[in-house]
Amino acid sequence: MRAPTSLLPLRLEDLGFEAGGRRIIDGVSLEIGPEARTVILGPNGAGKSVLMRICHGLLAPTSGRVVWNVREPANGRHRQAMVFQRPVMLRRSALANVAYGLKLAGVERRERQARAQRALERVGLAHLAGRSARVLSGGEQQRLALARAWALEPEVLFLDEPTANLDPTATREIEMAIAGIGAAGTKIIMVTHDLGAAKRLADEVIFIHNGRVLERTGAEQFFAGPSSREAAAFIKGELL
Amino acid sequence: MMGTIPLALKQAVDLVSGFDPQLVEIVALSLQVSFSAVVIATVVGLPLGATIAVARFPGRQAVIVLLNALLGLPAVVVGLLAYLLLSRAGPLGELGILFTPPAMIVAQSILVAPIIAAFSRQSIEDAWREYEEQLNSLGANPFQAALTLLWDCKFSLLTTVLAGFGRAVAEVGTVMMVGGNIDGVTRVMTTAIALETSKGDLPLALGLGVILMSLVLALNATAHGVTQLAKRRYG
Amino acid sequence: MNAIRRLLVCATLAAVCLTGVQAVAQEKYIVIASTTSTEQSGLFGYLLPVFTKKTGIQVRVVALGTGQALDVGRRGDADVEFVHDKVAEEKFVAEGYGVSRKEVMYNDFILIGPKSDPAKVAGGKDIVEAFKKIQAVQAPFVSRGDKSGTHAAELRLWKTAGIDPVTGRGKWYRETGSGMGPSLNTSSSMNAYILADRGTWLNFKNRGELTIVVEGDQRLFNQYGVMLVNPAKHPHIKKDLGQSFIDWIVSDEGQKAIAGYKIGGEQLFFPNAKH
């Protein structure tokens, strides 16, 4: 769903983030456009999650700026959504959790229920609509988180290691859902340290190490032969 | 002492089975006053506790320390302060509610509100740690977040409210000072117990105490049962 | 639907809270600040229904120590004062806080002590001698210590005996700072001497080893007085209703009612209002 004036491209201007005396993000400048699924790849501790939280507005950078293409209006939060590594569900039914996000986005009650129901169907959870969300399995909860994000019909969907805690079957289901959301027109920006997931989902790869962007190329080209030494080592499975 | 307890139990049974009208009046007033006070304290304390838990503002830590310190407010001091406030010679004297049940409700609300606020602040803050990023991501402002958390944590908050009720119904210093323990008007269970003790009728005082404790126990058992049922149905 | 249901519940709660509590507000009533001895002797329980039946005026008694009762009057939180400390009462009137003071009744104080009687005062008729003996052997003595009428009377007796009991504080002279009943409880558990009013004693159930050791001395005479809180100082005082109580209690009918109150066949209070 493209709004008349799109949020994208997103420009990061010389972003820096410091905490506990350490520079976690160090001079990152990027422009992320609407095409393609972007995967931010890197080893643990590279600063990927922090970078994404800064983009989404959950953290403020200590230096530099995050500039969207158009200034978000006050109630425009739902134009971006995020799925976290661990799904966080309210003590309500699956359907109610999805409807909650829609309520915050200002959707009318009747439309809320309908949209929530559709979102559950898209991720294959319609049969669990009335079940308490917190008793669902890990994979089901993560699918529910995706449904909640999808229901908002966001322009940008951030994902932070969405399959890190899931088994292979659940991982596949989540990845299929992500691909589906991307195909419907939402920009996907995903953070992962999992090479397999990156290979399966990425159209372009941004490789990060020690808070710096070391490389940015199309996925095929990256996995065939990365230009940076660190990326090459990372792909081979060596410690950095 | 050994003789007093069986005598007390017998007194308690006699009073209850005889439906002694004075006892009924005293019990009803105790419950009404404390219940009303808890309602007021909850209406004030829950949003306050939730807001402090979720919002960030300068001096927040000092506010939390103060709130926790108010948990130790002696009932008799609250009673004295409320008395000075509500006395005809005091700032709120125009209301003319001293020595009537409304004064007791006001005073007990002051006593119980810190309990509700401080404990709910802790519960909500713990929940906030879990929900903060997700709720911010969905665009909830601090007010909406506070309400969502209050509703989500409703079962643990019920325990807080019960603690508040327990404090209210068990205290004697506050209601004695602002109520005056007037026979038939402001006499509640605790002040009746104090009176009978001072008259030297210890078995009767203890008997009343047994009745009071049984009531509180019954209330807590009921609340627990309702909570368990609701949890099973709604998770 | 959910919101409506919630609103209904709230409204019901509010109604429950208020109904029981508001019912009390409608009647005609006065507030009397009195002492713990008048209430705990059971006199009010006997006397006030008679007054209410005759006049339809409810009487709400706040029972405190004399000092606190007078303070309540100074603040205007009561309509009538009914205490037993003539000196303090006259001061109250002189300072402009009270008007139309009338003497109502008297009872007597008695010296209570343990059956073992370490000071050997039992059966005596001289209270000041008894006090001297108690101090001489340093027998435990419990004092009200709370500026009550009883406390004031006790201090006057020590003064007459030429003794300053405060020197014995922490040793044999124990001040509880509380009402007659709690102080008697303390004496009972300490087996100590204590000055008490007869009314509270007769109604007191936790006697332990205690018994009456000295009584009948003229100096143990305890006068009760009634006053209207000055409406000039506190315009909201129910002066007409309050005055009708005062008029009634000094009338023949009121005085007869006082004389009619007995415990175990024994009369507690002796009406002595002047006409």
Side-chain angles (χ1 to χ4, degrees), chain B residues 1 4 7 22 25 27-40 42-43 80 83-84 86-90 93-106 109 151 176-187 191 194-205, chain C residues 10 13-14 16-25 27 29 31-34 36 39-42 44-45 48 58-64 68-69 71-78 178-188 200-201 203-208 210 229 233-237:
Chain B
M1 161 82 163
T4 312
L7 212 59
Q22 256 195 326
E25 190 179 53
V27 168
L29 186 64
S30 299
L31 293 177
Q32 268 168 348
V33 166
S34 296
F35 183 70
S36 307
V38 167
V39 166
I40 296 174
T42 301
V43 165
L80 183 56
Y83 175 82
L84 293 172
L86 298 172
S87 163
R88 286 283 178 176
E94 293 297 303
L95 296 172
I97 59 173
L98 189 65
F99 300 143
T100 65
M104 297 157 78
I105 295 174
V106 166
S109 305
W151 185 244
M176 185 69 94
M177 288 232 71
V178 301
N181 196 15
I182 299 173
D183 190 17
V185 180
T186 57
R187 188 162 294 169
T191 55
L195 179 63
E196 294 307 323
T197 306
S198 73
K199 277 156 77 171
D201 196 342
L202 304 183
L204 180 57
Chain C
C10 291
L13 283 179
V16 165
C17 295
L18 291 173
T19 38
V21 154
Q22 280 304 79
V24 200
E27 338 143 316
Y29 69 91
V31 174
I32 297 187
S34 186
T36 48
E39 175 163 70
Q40 289 180 6
S41 62
F44 279 144
L48 298 177
Q58 288 269 343
V59 179
R60 298 188 182 177
V61 175
V62 180
L64 308 157
Q68 206 181 345
D71 185 63
V72 166
R74 268 184 221 109
R75 305 177 144 271
D77 290 325
S178 53
M180 197 70 250
S183 301
L184 279 169
N185 274 331
T186 307
S187 306
S188 176
T200 309
W201 172 254
N203 239 359
F204 185 72
K205 293 189 177 65
N206 186 28
R207 297 180 182 183
L210 297 180
V229 172
K233 269 233 157 80
H234 296 285
H236 62 268
I237 294 292

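First the proteins, then the strands, lettered A, B, ... as listed; each starts at 1.
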- Message: Taking B/L202's backbone N and O only, do any of them form a donor-acceptor pair with C/N206's side chain (distance below 3.5 Å, no angle check)?
- Response: no

- Which atoms of C/E39 come close to chain B, meaning under 4.5 Å heavy atom to heavy atom: side chain ones, backbone ones, both, or neither? side chain

- Query: Contact part of C/D77 toward chain B, heavy-atom cut-off under 4.5 Å: side chain, backbone, both or neither?
  - Reply: both

- Answer with side chain, backbone, both or neither: which region of C/V61 has an atom nearer than 4.5 Å to a non-hydrogen atom of chain B? backbone

- Query: Roughly how far, to the nearest 0.5 Å, is the CD1 atom of B/I182 from the OH atom of C/Y29?
  - Reply: 8.5 Å

- Item | Min side-chain heavy-atom separation B/F99-C/V72 under 4.5 Å | yes

- Query: If you look at every heavy atom in B/R88 and C/R75, which pair is closest and at what distance?
  - Reply: CB-O, 3.2 Å

- Side chain, backbone, both or neither: which part of B/M177 has a heavy atom under 4.5 Å from chain C? side chain

- Taking all non-hydrogen atoms of both residues into account, name the closest pair between C/Q40 and B/S198 and its distance. NE2-OG, 2.9 Å

- Message: Do C/R60 and B/T100 make a side-chain contact, defined as non-hydrogen atoms from C-beta onward lying under 4.5 Å apart?
- Response: yes

